[in-house]
Amino acid sequence: MTETRETETKHQVPIQDIYSPHEAAALLGMKVNRIWELARGGDDPFPLRRLAGMKRGSIVFRDEMLDWTRRNFCLVSERRRK
């Protein structure tokens with residue numbers, strides 16, 4: 001049996017080494033447009049990759065996505081209260 005992560009949209013994504021932008025968005029509970037925004041800017045962009053010269057076929061490696069989320073997501077208990 002394959003392990004999966006069920007998101008709010010009920011879309012199941014199997015655990016794998018490489019994800020598409022849509023799969024990464026589902027795993028992180030975001031819209032795919034937000035993944036693209038995060039990949040395009042900032043000091044620590046989301047680690048979306050594609051072959052040089054290509055406009056389609058972007059991927060994210062599981063280990064890089066995990067490292068990025070650890071750096072960019074804070075613990076709920078550490079969030080500042082407004």
Side-chain angles (χ1 to χ4, degrees):
M1 181 188 283
T2 303
E3 283 188 60
T4 58
R5 162 87 160 65
E6 193 171 336
T7 64
E8 294 172 353
T9 60
K10 306 293 184 201
H11 176 76
Q12 292 188 351
V13 178
I15 296 172
Q16 52 201 25
D17 292 331
I18 298 172
Y19 294 104
S20 71
H22 289 277
E23 291 168 329
L27 286 168
L28 296 175
M30 300 178 181
K31 294 184 178 191
V32 73
N33 287 344
R34 182 68 177 136
I35 292 292
W36 285 106
E37 289 171 9
L38 292 168
R40 287 187 181 111
D43 295 328
D44 189 10
F46 187 76
L48 207 54
R49 297 174 174 271
R50 70 170 71 136
L51 287 172
M54 300 293 289
K55 293 187 178 186
R56 297 184 181 263
S58 297
I59 62 167
V60 60
F61 290 108
R62 180 177 182 267
D63 59 341
E64 291 181 347
M65 182 169 63
L66 288 171
D67 290 342
W68 182 87
T69 56
R70 286 184 184 106
R71 289 190 309 271
N72 290 281
F73 281 63
C74 67
L75 292 172
V76 172
S77 61
E78 294 177 356
R79 288 188 350 197
R80 291 184 181 172
R81 295 183 185 191
K82 292 182 180 182

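What you see is a predicted model, and the numbers here were worked out from it, not measured in a lab.
Once rounded to the nearest 0.5 Å, the distance linking CG of L51 with CZ of R56 reads 14.5 Å.
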Tell me, with the steps shown, if F46 and L28 meet side-chain contact (heavy atoms from CB on, under 4.5 Å). CA-CA 12 Å; F46 187 76; L28 296 175; 3.8 Å; yes
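Residue A24 comes nearest to M65 through the heavy atom pair CB-SD, 3.7 Å, listed as atom of the first residue, atom of the second, then distance.
Checked against side chain to side chain donor-acceptor pair (under 3.5 Å), R50 has the following partners two or more places apart in sequence or in another chain: S58. Taking R62 as the reference, nothing meets the salt bridge (Lys or Arg N to Asp or Glu O under 4.0 Å) condition, with sequence neighbours excluded. Contacts of R71 classified as side-chain contact (heavy atoms from CB on, under 4.5 Å), with partners at least two apart in sequence or in another chain: D44, D67, W68. Evaluation of the side chain to side chain donor-acceptor pair (under 3.5 Å) rule for E78 yields no partner, not counting sequence neighbours.
With hydrophobic clusters built from ILVMFWY side chains whose heavy atoms lie under 4.5 angstrom apart, V60 does not share a cluster with L66.
F61 shares a hydrophobic cluster with I18, I59; the chain of contacts runs through ILVMFWY side chains whose heavy atoms sit under 4.5 Å apart.
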Taking distance alone, no hydrogens or angles, what donor-acceptor pairs closer than 3.5 Å link side-chain atoms of residues 31-39 to residues at least two apart or in another chain?
from : atom 1 : to  : atom 2 : distance (Å)
R34  : NH1    : E37 : OE1    : 3.1

